Amino acid sequence: MKKILICLVFLLTGTAVAQAQDYRWGIGVRGGVECTGIAFKYNFDPANSIDAMLALIPRNANLFALYERHIPVIAEGFRFFYGGGANLGSWKDKFTFGIDGVVGLEYKIKPIPLALAIDYKPFWNMVGHNRFIADDFGFTVKVVF
């Protein structure tokens, strides 16, 4: 059983690396339950990226930075992603800092420079406004190049 699991992990990792790069940069908008703002993405290679978001809400501003790992799924253009990172900002004039997780599905529309994603991004603000946010689901639309 261990050998089968190890082979499956290597096969999935090899598939992710073998896929052609869909895009290098993306910029757009994420609408979420808790965090809505401008989204940026940089793909280092087909399997690794940095995703950042600037969320501006009345009395609240946050910058989120996430490392993401991508795995091709379903069909060409679809990528499952997961990762984590940190956020910092303010909430009601208090400095905040926290940790974030993310899991989602992205689709790069082949003939046009557009990518769509749905995600679940729970986070825990540990400094400032100490709270765990478990209901941040979002939808992102990005222009990619």
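Since we're looking at a predicted model, the values are computed, not measured.
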Colleague: Can a donor-acceptor pair be found between the side chains of W124 and N130 at a distance below 3.5 Å?
Modeller: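 Their side chains do contain a donor-acceptor pair, which is all the 3.5 Å distance test asks for.
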Colleague: Do V33 and D136 come within less than 4.5 Å of each other through their side chains, counting heavy atoms only?
Modeller: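 With C-beta onward as the side chain, the pair touches.
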Colleague: Taking all heavy atoms of H70 and all of P46, pick out the closest pair and write down the distance.
Modeller: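 In this case the closest contact between H70 and P46 is CB-O, 3.7 Å.
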Colleague: Do other residues, nucleotides or ligands put more than 12 heavy atoms under 6.0 Å from the CG atom of D93?
Modeller: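 Count not over threshold, so no.
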Colleague: Counting only N and O atoms by type, is there a donor-acceptor contact under 3.5 Å from the side chain of Y120 to the main-chain atoms of G101?
Modeller: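 Checked: no pair found.
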Colleague: Looking at every non-hydrogen atom in both residues, tell me the closest pair between L66 and G85 and how far apart they are.
Modeller: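 Looks like CD2-N, 3.6 Å.
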Colleague: Just verifying a value: how many Å separate E68 CD and K41 NZ, rounded to the nearest 0.5 Å?
Modeller: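 Rounded to the nearest 0.5 Å, the CD-NZ separation comes to 4.0 Å.
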Colleague: Considering non-hydrogen atoms only, spot the tightest contact between H129 and T96 and give its length.
Modeller: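 The pair with the smallest heavy-atom distance is N-CG2, 3.6 Å.
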Colleague: For E34, is there an ion pair with R131 - N to carboxylate O distance below 4.0 angstrom?
Modeller: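 Yes, R131 and E34 are salt-bridged.
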Colleague: Locate the shortest heavy-atom distance separating A134 from P122; write the atom from each residue and the value.
Modeller: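 Closest approach of A134 to P122, heavy atoms only: CA-CB, 4.4 Å.
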Colleague: Quick check: is F132 connected to V127 through a chain of hydrophobic side chains (ILVMFWY, heavy atoms under 4.5 Å apart)?
Modeller: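 Same cluster: V127 reaches F132 through Ile, Leu, Val, Met, Phe, Trp or Tyr contacts under 4.5 Å.
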Colleague: Is V141 reachable from F78 through a run of hydrophobic residues whose side-chain heavy atoms are each under 4.5 Å from the next?
Modeller: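 As far as the 4.5 Å side-chain criterion goes, V141 and F78 are connected within one cluster.
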Colleague: Are the side chains of Y82 and I71 in touch, meaning some heavy atoms are under 4.5 Å apart?
Modeller: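 Yes, at least one pair of side-chain atoms sits under 4.5 Å.
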Colleague: Strictly distance-based, threshold 3.5 Å: is any side-chain N or O of R30 a donor or acceptor partner for the main-chain N or O of I38?
Modeller: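 No: the side chain of R30 does not pair with the backbone of I38.
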Colleague: Out of curiosity, N60 CG to W91 CH2, how far, rounded to the nearest 0.5 Å?
Modeller: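 Reported to 0.5 Å precision, the distance equals 8.0 Å.
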Colleague: Is any side-chain heavy atom of S49 closer than 4.5 Å to one of F81?
Modeller: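 No, side chains not in contact.
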Colleague: Hydrophobic cluster membership, with links at side-chain heavy-atom distances under 4.5 Å among I/L/V/M/F/W/Y: are F80 and I118 in one?
Modeller: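 Yes, same cluster.
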Colleague: Test the K142-Y23 pair against the cation-pi criterion, namely NZ or CZ under 6.0 angstrom from the six-membered ring centroid and within 45° of the ring axis.
Modeller: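 Here K142 fails the 6.0 Å and 45° test against Y23.
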Colleague: Membership question, hydrophobic clusters at under 4.5 Å side-chain separation (ILVMFWY): are M126 and F64 in the same one?
Modeller: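 Different hydrophobic clusters.
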Colleague: I'd like to check M53 versus F40 (side-chain heavy atoms, cut-off strictly below 4.5 Å). Are they in contact?
Modeller: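 No. Closest side-chain heavy atoms not under 4.5 Å.
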Colleague: In terms of hydrophobic clusters joined by side-chain contacts under 4.5 Å, are I109 and F139 together?
Modeller: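 Linked within one cluster.
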Colleague: With R79, which of N43, L105, I74 fulfils side chain to side chain contact (heavy atoms under 4.5 Å, CB included)?
Modeller: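 By the side chain to side chain contact (heavy atoms under 4.5 Å, CB included) criterion, R79 pairs with just one of N43, L105, I74: N43.
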Colleague: Considering only heavy atoms from C-beta outward, does the side chain of I27 approach that of F145 to under 4.5 Å?
Modeller: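 Yes - at least one pair of side-chain heavy atoms lies under 4.5 Å apart.
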Colleague: Is the backbone N or O of N87 less than 3.5 Å from a side-chain atom of D100, with the two atoms forming a donor-acceptor pair by type?
Modeller: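 It does hold such a pair.
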Colleague: Please report the interatomic distance CG(D119) to CZ(F137), rounded to the nearest 0.5 Å.
Modeller: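 It is 9.5 Å, given to the nearest 0.5 Å.
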Colleague: Looking at side-chain heavy atoms only, is the closest gap between D51 and T140 below 4.5 Å?
Modeller: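 Heavy-atom side-chain distance check fails, nothing below 4.5 Å.
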Colleague: Starting at CG of L63, measure out to CG of L56 and round the result to the nearest 0.5 Å.
Modeller: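 It is 10.0 Å, given to the nearest 0.5 Å.
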Colleague: Between atom OH of Y107 and atom CG of L116, what is the distance when rounded to the nearest 0.5 Å?
Modeller: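 The distance works out to 8.5 Å.
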Colleague: May I ask you to decide if N48's main-chain N or O and R69's side chain share a donor-acceptor pair within less than 3.5 Å?
Modeller: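 No: the side chain of R69 does not pair with the backbone of N48.
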